[in-house]
Participant: 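The structure follows.
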Amino acid sequence: MEKTTESSMDKGYNPQAVEGKWYSFWLEKNYFKGEDNSSKPSFCVVIPPPNVTGVLHMGHALNCTLQDIIVRFKRMKGFNTLWIPGMDHAGIATQIVVEKQLAKEGIKKDQIGREKFLEKTWEWKVKSGGAILDQQKRLGISVDWSRSKFTLDEDLSFAVKKVFVDLYNEKLIYRGNRLINWCPRCQTAVSDLEVKHQETKGTLWHIKYADDIVVATTRPETLLGDTAVAVNPKDARYKNHIGKSVSLPLTNRKIPVIADDSVAQEFGSGVVKITPAHDFNDYETGQRHGLPSIAIFDKKGVINENGGIYQGLKSIDARKKVLEDLTALGLLVKEEPHTLSVGKCDRCETVIEPMLSDQWFVKIKPLAEPAIKVVEEKQLKFYPENWTKTYLDWLYNIKDWCISRQLWWGHRIPAWHCVNKHITVSMEVPAKCSICSTQEIKQDEDVLDTWFSSWLWPLTTLGWPNETKAMETFFPTSVLVTGFDIIFFWVVRMVMASMHFKKEIPFKHVYIHALVRDERGQKMSKSKGNTVDPLDLVNDYGTDALRFTLASLVGGGRDIKFSEDRLDGYRNFINKIWNATRFSLNALKDIPLAKKIDVKKLTLPDKYIIYELQQTIKETTKAIEEYRFTDGATSLYKFTWNEFCDWYLELSKPVLYGTDSEQKSQSGAVLISVLERLTRLLHPYVPFVTEEVYQLLPDHKESVCIQPYPEENDPFLKLGSKESAFEIEVVKSVVSAIRNIRGENRISPAIKIKTTFFTQDKNSLSILKQNDSFVTTLGRLEKAEYVDKMPDTKKSAITLITLGEARISVIVPLEGLVDFNEEIKRLNKELEKVAKDFDLTQKKLSTETFMANAPKEIVELEKSRILQLQDKKNQLLESLKRLN
RNA sequence: GGGCGCUUAGCUCAGUGGUAGAGCGCUUGCCUUACAAGCAAGAUGUCGCAGGUUCGACCCCUGCAGCGCCCACCA
């Protein structure tokens with residue numbers, strides 16, 4: 001007990017001790033640099049740039065891991081590979097963070113002004129951005145750091161400006177006074193996408209506007225801005241009122257009763273108040289009927305001068321007062337609970353106020369059309385495919401994009417307003433108004449939506465709008481890897497931008513992965529306190545373990561429920577790789593390895609493991625190419641642990657510890673060749689441990705990162721064979737049968753037993769005899785005997801093995817045992833299973849329709865099965881008889 | 001309201017038209033000289049419910065239920 005746990009200083013592989021070292025080494029050697037000029041085919045990925053003031057969360061860890069697997073794989077496959085890193089200035093998000101930071105110091109941004117505020121933000125950016133860099137490096141990402149970009153860099157800002165000016169000149173950007181989503185806290189317009197709707201319990205108030213006109217509303221305070229009430233034209237109750245007017249309560253205004261199809265007769269009273277300045281529906285109704293709009297809120301959400309006596313009240317207070325006053329007048333006729341969906345600011349959760357406002361918009365339909373076409377025509381493909389529908393549906397119904405933000409942090413809009421309200425849009429600061437030539441001009445105060453720079457990301461990171469060599473070599477990029485949450489924000493818009501400005505798709509594939517949630521399936525968020533910092537996990541388990549875990553969990557397209565238990569298992573896997581290497585190298589230390597492998601000299605395990613390796617190479621390669629990371633991980637895990645370690649290394653021991661030096665030299669060479677290939681095969685998933693291991697291998701090259709990925713048609717792999725894999729199956733079955741008998745009968749591992757194998761099949765006998773040393777070692781046998789007649793044993797456990805043509809009885813004497821109850825139990829359990837299967841199969845074979853309709857192979861399979869089951873059944877019955 | 005996805009072992013999830021799999025957890029035995037972060041053996045499932053197609057359905061189809069997500073202006 002003590003010996004195995006506490007006293008043992010060696011806790012296995014220590015990732016912390018090696019990861020930093022290798023990452024520095026890789027960077028020093030410039031392995032991750034993409035070449036602008038290269039004869040090799042190109043492979044390019046741009047990173048979804050993290051928010052510069054954010055912290056790296058599990059989503060980033062997943063995103064980075066998947067990209068790094070692909071990129072390392074392609075690099076090893078011989079592509080001129082480039083992965084471009086960078087960061088996003090993240091307008092609102094960053095500004096909020098910095099505002100909060102300043103608030104802690106008791107500073108408000110208006111006190112210090114725009115210039116000073118931006119200075120502070122840049123300071124914060126440098127600090128926070130640096131932390132993200134360190135985090136990314138810990139994950140081992142193989143990006144070309146020399147090409148790192150930030151969305152506010154000078155060259156990227158130039159591109160943003162140019163795009164704005166060009167679109168303006170093409171009349172695809174316009175300025176308009178329209179109803180937009182206004183966040184009263186952030187004091188800016190936000191786009192539709194930045195509003196999150198939440199079901200909220202509220203109240204539906206019924207307010208009497210006239211004797212028989214009662215309106216139902218969830219926002220009574222907005223009646224101050226009503227400019228009509230509407231009814232359905234088919235509604236018999238109100239036919240007579242249409243075209244007349246009613247007097248708006250609490251004000252002196254008369255407003256018309258209009259008829260509009262959008263009004264549902266059955267909802268509430270069937271009468272709707274129309275407030276065009278503060279509701280999107282009402283705005284459209286207003287447009288249809290030419291109604292005036294009366295704005296009653298100012299930018300802070302406080303009632304303005306149009307609100308009469310209510311001026312100065314916040315909306316929530318105004319509501320209270322309005323309701324009080326209506327009650328006093330006896331106009332509040334009913335109130336009932338009502339759930340409604342409330343729009344909240346994506347960033348600060350403040351309730352969004354629809355407001356009429358002058359903003360800049362992108363006319364989006366002309367941009368959307370090409371983006372629809374390339375996906376419909378499958379020039380651009382989504383993985384998994386079903387995201388195509390999400391992408392297209394959104395584009396079919398897309399609305400103009402509000403791109404101006406009343407913020408300070410971002411790209412200032414290159415437009416100048418003159419005193420005569422003319423607008424000049426220009427790359428350079430203009431000297432005068434382009435229309436009236438006045439010199440009294442002022443630049444637009446607003447900045448652009450963050451996504452107005454990130455939608456150019458695949459272009460600008462390669463130097464566009466300049467015609468760079470990088471652009472020529474790497475554009476269009478190969479694949480975009482991102483979460484589904486930013487398909488609309490980002491993916492769609494990148495396609496639009498690229499199609500419009502470059503007339504090409506920005507990337508050929510889009511791989512969409514799931515979100516990382518906590519173990520209960522809840523979204524990770526700071527406010528819930530259920531976030532996991534990937535760096536903590538890296539510190540505790542190592543980067544490779546985290547990467548392998550994420551890659552293993554990402555499959556299926558569903559969200560990942562992340563729990564640390566899984567990490568334990570994969571940390572052990574990394575350790576297993578490490579230990580297998582240590583063992584191999586140690587065992588081979590004094591063995592001169594054969595320079596040339598002679599297939600005639602190979603053992604069965606040698607040929608089998610080479611064959612299995614080849615299968616694994618095939619599977620893993622295909623899996624990565626098809627973005628099935630989980631399948632790749634499973635395949636690697638199974639081969640490494642269940643074949644290489646559990647069987648091959650164990651089977652190699654008799655040879656390596658044996659005395660046949662020629663055989664040792666040959667099999668040793670196979671072992672090291674397999675291990676070396678396995679190391680390369682694992683590298684994209686677990687780069688650190690594989691580099692550490694690789695550097696210990698004899699005759700290793702400079703780094704595993706730049707070695708070729710194992711190829712299926714590697715001549716070495718031709719030494720394996722499917723037949724040998726089958727023969728090893730026989731050996732495995734025999735060994736498992738012995739172990740099963742030992743285990744069930746509690747025969748101590750310390751006791752070496754005699755075992756007899758009975759078979760009348762020549763091939764089986766030959767397999768057994770050839771592998772005598774393997775079976776003897778793994779079964780912990782004293783000696784194996786081979787007979788061609790069933791011995792007349794009394795006190796023995798017998799298991800019949802049927803595998804293909806092979807048919808072997810494994811006979812283990814149980815002389816030393818006090819009682820045979822355990823063995824009888826074992827036999828009965830087995831018998832029950834076999835009997836059940838037998839009955840089922842027999843039933844099938846005696847069904848006429850089955851025999852008539854089932855494919856020949858299946859019928860044959862069932863026929864051979866029934867024979868095997870029959871044999872087994874007989875054997876079990878016989879064994880039981882002998883024990884009793 | 002529209003769309004998408006999920007429902008398989010205690011937990012997390014794979015999976016295929018031909019008699020259900022993995023990891024973790026659990027039980028038992030092992031300090032077998034690579035690894036106790038290990039080795040060996042074992043137990044556990046009317047594959048959400050109801051129909052249909054089929055010789056045969058966990059898998060294909062239909063309906064239902066539950067859960068989750070996305071989109072949408074129902075006052």
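All chains are named by letter (A, B, ...) in the order of the sequence lines, taking the proteins before the strands, and each is independently numbered beginning at 1.
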Participant: Please confirm whether any donor atom in the side chain of A/E650 sits under 3.5 Å from an acceptor in the base of B/A34, or the reverse.
Facilitator: yes

Participant: What about A/K389, does its side chain sit under 3.5 Å from the base of B/C4 through a donor-acceptor pair?
Facilitator: no

Participant: What is the distance, rounded to the nearest whole Å, between atom CG of A/L392 and atom C1' of B/C70?
Facilitator: 15 Å

Participant: Please tell me if A/N579 has a side-chain N or O lying less than 4.0 Å from either OP1 or OP2 of B/A34.
Facilitator: no

Participant: When you match A/F583 and A/D568 each to their closest nucleotide on RNA chain B, which lands nearer the 5' end?
Facilitator: A/F583

Participant: My understanding is that only residues two or more places apart in sequence, or in another chain, count here; which of them pass side chain to side chain donor-acceptor pair (under 3.5 Å) with A/D631?
Facilitator: A/R628

Participant: Using ring pair (Phe, Tyr, Trp, His ring centres under 6.0 Å) as the criterion, list what pairs up with A/W387, not counting sequence neighbours.
Facilitator: A/F484

Participant: According to a strict under-4.0 Å criterion, is A/N740 in side-chain N/O contact with OP1 or OP2 of B/A40?
Facilitator: no

Participant: Categorize A/T841 for me: base, sugar-phosphate, or nothing, with a 4.0 angstrom heavy-atom threshold over every strand shown.
Facilitator: base

Participant: Toward the 5' end of RNA chain B, which comes first, A/K273 or A/G569, by nearest nucleotide?
Facilitator: A/G569

Participant: Whole angstrom is fine here: how far is it from CG in A/L869 over to P in B/U19?
Facilitator: 12 Å

Participant: Give me the distance, rounded to whole Å, that separates B/C39 from B/U33 when you measure between the C1' atoms they each carry.
Facilitator: 14 Å

Participant: Tell me, what's RNA chain B's dot-bracket, Watson-Crick or G-U with both distances under 3.5 Å, | for other-strand, [ ] crossing?
Facilitator: (((((((..((((....[..)))).(((((.......))))).....(((((..]....))))))))))))....

Participant: In whole angstrom, give me the gap between the C1' atoms of B/G3 and B/A75.
Facilitator: 25 Å

Participant: How would you list all residue pairs meeting salt bridge (charged side-chain N to carboxylate O under 4.0 Å, His left out) that involve residues 214-233 of chain A, not counting sequence neighbours?
Facilitator: A/R219-A/E221, A/R219-A/E353, A/E221-A/R319, A/D226-A/K273

Participant: Hey, is the main chain of A/D544 close enough, under 3.5 Å, to the side chain of A/Y685 for a donor-acceptor pair?
Facilitator: no

Participant: Could you list, one pair per line, each protein nitrogen or oxygen that sits under 3.5 Å from a nitrogen or oxygen of nucleotides 71-74 of chain B, together with the distance?
Facilitator:
unit_1	atom_1	unit_2	atom_2	d
B/C73	O2'	A/N281	ND2	2.5
B/C73	N1	A/N281	OD1	2.9
B/C73	O2	A/N281	OD1	2.0
B/C73	O2	A/N281	ND2	2.5
B/C73	N3	A/N281	OD1	3.3

Participant: Write down the distance separating the C1' atoms in B/C59 and B/C6, rounded off to the nearest Å.
Facilitator: 16 Å

Participant: Taking all non-hydrogen atoms of both residues into account, name the closest pair between A/R288 and A/S262 and its distance.
Facilitator: NH2-OG, 3.7 Å

Participant: Could you tell me the separation between the CG atom of A/D837 and the C1' atom of B/G18, rounded to a whole number of Å?
Facilitator: 13 Å

Participant: Among all residues two or more places apart in sequence or in another chain, which pass the ring pair (Phe, Tyr, Trp, His ring centres under 6.0 Å) test with A/Y637?
Facilitator: A/Y570, A/F573, A/W641

Participant: Using the P atom as the reference point in each nucleotide, state the distance between B/C47 and B/C58 in Å, no decimals.
Facilitator: 7 Å

Participant: Taking only side-chain nitrogens and oxygens of A/K825, does any of them come within less than 4.0 Å of OP1 or OP2 of B/A41?
Facilitator: no

Participant: Could you give the distance separating B/G25 and B/A40 at their P atoms, to the nearest angstrom?
Facilitator: 15 Å

Participant: Could you give the CZ-to-P distance, from A/R780 to B/U33, as a whole number of Å?
Facilitator: 9 Å

Participant: Under the rule for side chain to side chain donor-acceptor pair (under 3.5 Å), what residues qualify as partners of A/K334, not counting sequence neighbours?
Facilitator: none

Participant: For A/F562, enumerate each residue passing the ring pair (Phe, Tyr, Trp, His ring centres under 6.0 Å) test, keeping only those at least two apart in sequence or located in another chain.
Facilitator: none

Participant: Could you tell me whether the side chains of A/E823 and A/N745 share a donor-acceptor contact shorter than 3.5 Å?
Facilitator: yes

Participant: Given the C1' atoms of B/C26 and B/U44, what is the spacing between them in whole Å?
Facilitator: 9 Å

Participant: Taking only the side-chain heavy atoms of A/T847 (C-beta and beyond), determine which of B/A34, B/C55, B/C4 contains the nearest atom.
Facilitator: B/C55

Participant: Measuring to OP1 and OP2 of B/A34, would you say a side-chain N or O of A/Y657 lies under 4.0 angstrom away?
Facilitator: yes

Participant: What is the distance from CZ of A/F548 to P of B/G23, rounded to the nearest Å?
Facilitator: 13 Å

Participant: Distance check: side-chain N/O of A/W387 vs OP1/OP2 of B/C69, anything under 4.0 Å?
Facilitator: no

Participant: Side chains of A/S191 and A/E194: is there a donor and an acceptor less than 3.5 Å apart?
Facilitator: yes

Participant: Determine the sole option in A/K829, A/K825, A/R826 for which the salt bridge (charged side-chain N to carboxylate O under 4.0 Å, His left out) test with A/E744 is passed.
Facilitator: A/K829

Participant: Between atom CD1 of A/I213 and atom NZ of A/K208, what is the distance when rounded to the nearest 0.5 Å?
Facilitator: 11.5 Å

Participant: With rounding to the closest Å, how many angstrom separate the C1' atoms on B/G66 and B/A50?
Facilitator: 15 Å

Participant: If the P atom of B/G5 is compared with that of B/G63, how far apart are they to the nearest Å?
Facilitator: 14 Å

Participant: Answer with yes or no whether the side chains of A/Y541 and A/E564 bring together a donor and an acceptor at under 3.5 Å.
Facilitator: yes

Participant: Side-chain N or O of A/K561 less than 4.0 angstrom from OP1 or OP2 on B/C13?
Facilitator: yes

Participant: Can you name the residues that form a ring pair (Phe, Tyr, Trp, His ring centres under 6.0 Å) with A/H338, not counting sequence neighbours?
Facilitator: A/F267

Participant: Got a list of protein N/O to nucleotides 25-29 of chain B N/O distances below 3.5 Å?
Facilitator:
unit_1	atom_1	unit_2	atom_2	d
B/U28	O2'	A/R746	NE	3.4

Participant: So, for A/D559 and A/L515, which heavy atoms are closest and what is the spacing to 0.1 Å?
Facilitator: OD1-N, 3.4 Å

Participant: Rounded to whole Å, how long is the line connecting atom CG of A/L861 with atom C1' of B/U19?
Facilitator: 11 Å

Participant: So, taking the atom named CG in A/L550 and the one named CZ in A/R566, what distance separates them when rounded to the nearest 0.5 Å?
Facilitator: 11.0 Å

Participant: So what does A/R219 hit on the nucleic acid, given a heavy-atom distance under 4.0 Å: a base, only sugar-phosphate, or nothing?
Facilitator: nothing

Participant: Given atom CZ of A/R582 and atom P of B/A34, what is their separation to the nearest angstrom?
Facilitator: 10 Å

Participant: Please list, one pair per line, the donor and acceptor atoms closer than 3.5 Å that link side chains of residues 642-657 of chain A to other protein atoms, with sequence neighbours excluded.
Facilitator:
unit_1	atom_1	unit_2	atom_2	d
A/N642	ND2	A/D646	OD2	3.4
A/E643	OE1	A/Y608	OH	2.5
A/E643	OE1	A/K732	NZ	2.8
A/Y648	OH	A/D606	OD1	3.3
A/Y648	OH	A/L671	N	3.4
A/E650	OE1	A/K653	NZ	3.2
A/E650	OE2	A/K653	NZ	3.2
A/S652	OG	A/Y648	O	2.8

Participant: What nitrogen or oxygen pairs link the protein and nucleotides 66-68 of chain B at under 3.5 Å?
Facilitator:
none

Participant: Counting only side-chain N and O atoms of A/R742, is one of them less than 4.0 Å from OP1 or OP2 of B/A40?
Facilitator: no

Participant: Scan A/R571 against the nucleic acid and name what it touches under 4.0 Å (heavy atoms): base, sugar-phosphate only, or nothing.
Facilitator: base

